[in-house]
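Report on the structure given below.
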Amino acid sequence: QVQLVESGGGLVQPGGSLRLSCAASGMFFSINIMDWYRQVPGNQRELVARITGGGSTNYADSVKGRFTVSRDNAKNTVYLQMNSLKPEDTAVYYCNAPLKNAWGQGTQVTVSS
């Protein structure tokens with residue numbers, strides 16, 4: 001059974017940074033695409049960043065140049081480094097393994113002064 005567990009969310013001031021982590025188990029992690037989504041109440045989940053098994057990355061236009069997705073296959077973990085955070089980045093962030101149809105429980109990120 002695939003399990004994804006996010007951590008690292010919290011409250012941060014505008015302009016600050018956070019690093020989210022997503023630990024995966026129950027899957028052959030290194031070959032799988034891993035996504036980060038976010039969701040604001042009342043809105044659909046938005047794809048924020050993607051990293052392939054080969055390390056190629058894609059980002060939503062709204063986070064390009066500020067967020068960086070990476071992975072450590074030895075630790076079965078994917079990361080989302082978020083810099084220059086803005087209030088509009090406030091959301092619940094979810095880790096997703098699309099080929100396994102697996103989601104984490106989400107971690108709240110709040111950007112506020």
Side-chain angles (χ1 to χ4, degrees):
Q1 181 178 357
V2 177
Q3 187 172 16
L4 304 176
V5 179
E6 300 101 333
S7 61
L11 173 64
V12 64
Q13 291 188 342
S17 298
L18 282 174
R19 188 176 81 155
L20 306 183
S21 300
C22 171
S25 60
M27 57 187 276
F28 193 3
F29 178 80
S30 64
I31 65 170
N32 271 274
I33 293 169
M34 297 298 296
D35 293 337
W36 284 100
Y37 281 76
R38 65 186 180 188
Q39 187 171 26
V40 176
N43 290 5
Q44 288 188 336
R45 287 185 187 183
E46 171 193 19
L47 179 60
V48 173
R50 165 170 288 182
I51 186 165
T52 68
S56 298
T57 58
N58 292 96
Y59 299 94
D61 288 343
S62 58
V63 306
K64 279 181 182 177
R66 300 188 298 121
F67 289 13
T68 302
V69 60
S70 62
R71 65 194 299 156
D72 185 338
N73 290 334
K75 296 182 178 180
N76 282 6
T77 301
V78 61
Y79 304 98
L80 186 66
Q81 178 67 44
M82 306 185 294
N83 298 329
S84 302
L85 283 162
K86 305 175 181 180
E88 50 264 43
D89 294 318
T90 296
V92 178
Y93 284 71
Y94 296 90
C95 178
N96 171 245
L99 299 182
K100 297 296 184 182
N101 195 27
W103 292 89
Q105 82 286 357
T107 186
Q108 176 71 46
V109 171
T110 302
V111 184
S112 174
S113 55

Item checked: Hydrophobic cluster of V5, others only, ordered by chain and residue number, side-chain cut-off 4.5 Å -> none
Next item on the list: Please list, chain by chain and in numerical order, all residues satisfying side chain to side chain contact (heavy atoms under 4.5 Å, CB included) with T90, sequence neighbours excluded.
Entry: Q108, T110, V111
Next item on the list: Just jot down the salt bridge (charged side-chain N to carboxylate O under 4.0 Å, His left out) partners of D35, sequence neighbours excluded, or say none.
Entry: R50
Notebook entry, point to check: CG/L80 to CD/E6 distance, rounded to the nearest 0.5 angstrom?
Noted result: 11.0 Å
Listed pairs under 3.5 Å, donor-acceptor, residues 8-32 side chains, sequence neighbours left out:
{"unit_1": "S17", "atom_1": "OG", "unit_2": "N83", "atom_2": "OD1", "d": "2.9"}
{"unit_1": "N32", "atom_1": "ND2", "unit_2": "F28", "atom_2": "O", "d": "2.8"}

Next item on the list: For N101, look at atom CG and say whether over 12 heavy atoms of other residues, nucleotides or ligands are found less than 6.0 Å away.
Entry: no
Note to self: Just to verify, what does R45 make a salt bridge (charged side-chain N to carboxylate O under 4.0 Å, His left out) with, not counting sequence neighbours?
What the structure shows: none
Margin query: For the CD atom of Q3 and the CG atom of N76, what is their distance to the nearest 0.5 Å?
Written below: 12.0 Å
Residues 51-58, side-chain donor-acceptor partners within the protein, below 3.5 Å, at least two apart:
{"unit_1": "T52", "atom_1": "OG1", "unit_2": "G54", "atom_2": "N", "d": "3.3"}
{"unit_1": "T52", "atom_1": "OG1", "unit_2": "G55", "atom_2": "N", "d": "3.3"}
{"unit_1": "T52", "atom_1": "OG1", "unit_2": "S56", "atom_2": "N", "d": "3.0"}

Next item on the list: Could you pull out the closest heavy-atom pair between R66 and S84, with the gap in Å?
Entry: NH1-O, 3.0 Å
Next item on the list: Could you list all the salt bridge (charged side-chain N to carboxylate O under 4.0 Å, His left out) pairs where at least one residue sits in residues 69-87, not counting sequence neighbours?
Entry: none
Next item on the list: Following the transitive rule for hydrophobic clusters with a side-chain heavy-atom cut-off under 4.5 Å over Ile, Leu, Val, Met, Phe, Trp and Tyr, establish whether V92 and V48 coincide in one cluster.
Entry: no
Notebook entry, point to check: Do other residues, nucleotides or ligands put more than 12 heavy atoms under 6.0 Å from the CD atom of E88?
Noted result: yes
Checklist line | V2 to A102 - nearest heavy-atom pair and separation | finding: CG1-CB, 3.5 Å
Note to self: Quick test of your reading: applying ring-ring contact (aromatic ring centres under 6.0 Å, His included), list the pairs with at least one residue in residues 69-95, sequence neighbours left out, ordered by first then second residue.
What the structure shows: none
Item checked: T68 OG1 to M82 CE distance, which is reported to the nearest 0.5 Å -> 11.0 Å
Checklist line | Pairs touching residues 90-104 that satisfy salt bridge (charged side-chain N to carboxylate O under 4.0 Å, His left out), sequence neighbours left out | finding: none
Notebook entry, point to check: What pairs meet the disulfide bond (SG atoms under 2.5 Å apart) rule with one or both residues in residues 38-83, with sequence neighbours excluded?
Noted result: none
Check: Got R38 and V109 here, is their nearest side-chain heavy-atom distance under 4.5 Å?
Finding: no
Checklist line | ring pair (Phe, Tyr, Trp, His ring centres under 6.0 Å) involving Y37 - partner list, sequence neighbours excluded | finding: W103
Next item on the list: Please list all pairs passing the salt bridge (charged side-chain N to carboxylate O under 4.0 Å, His left out) test where one or both residues lie in residues 104-113, with sequence neighbours left out.
Entry: none
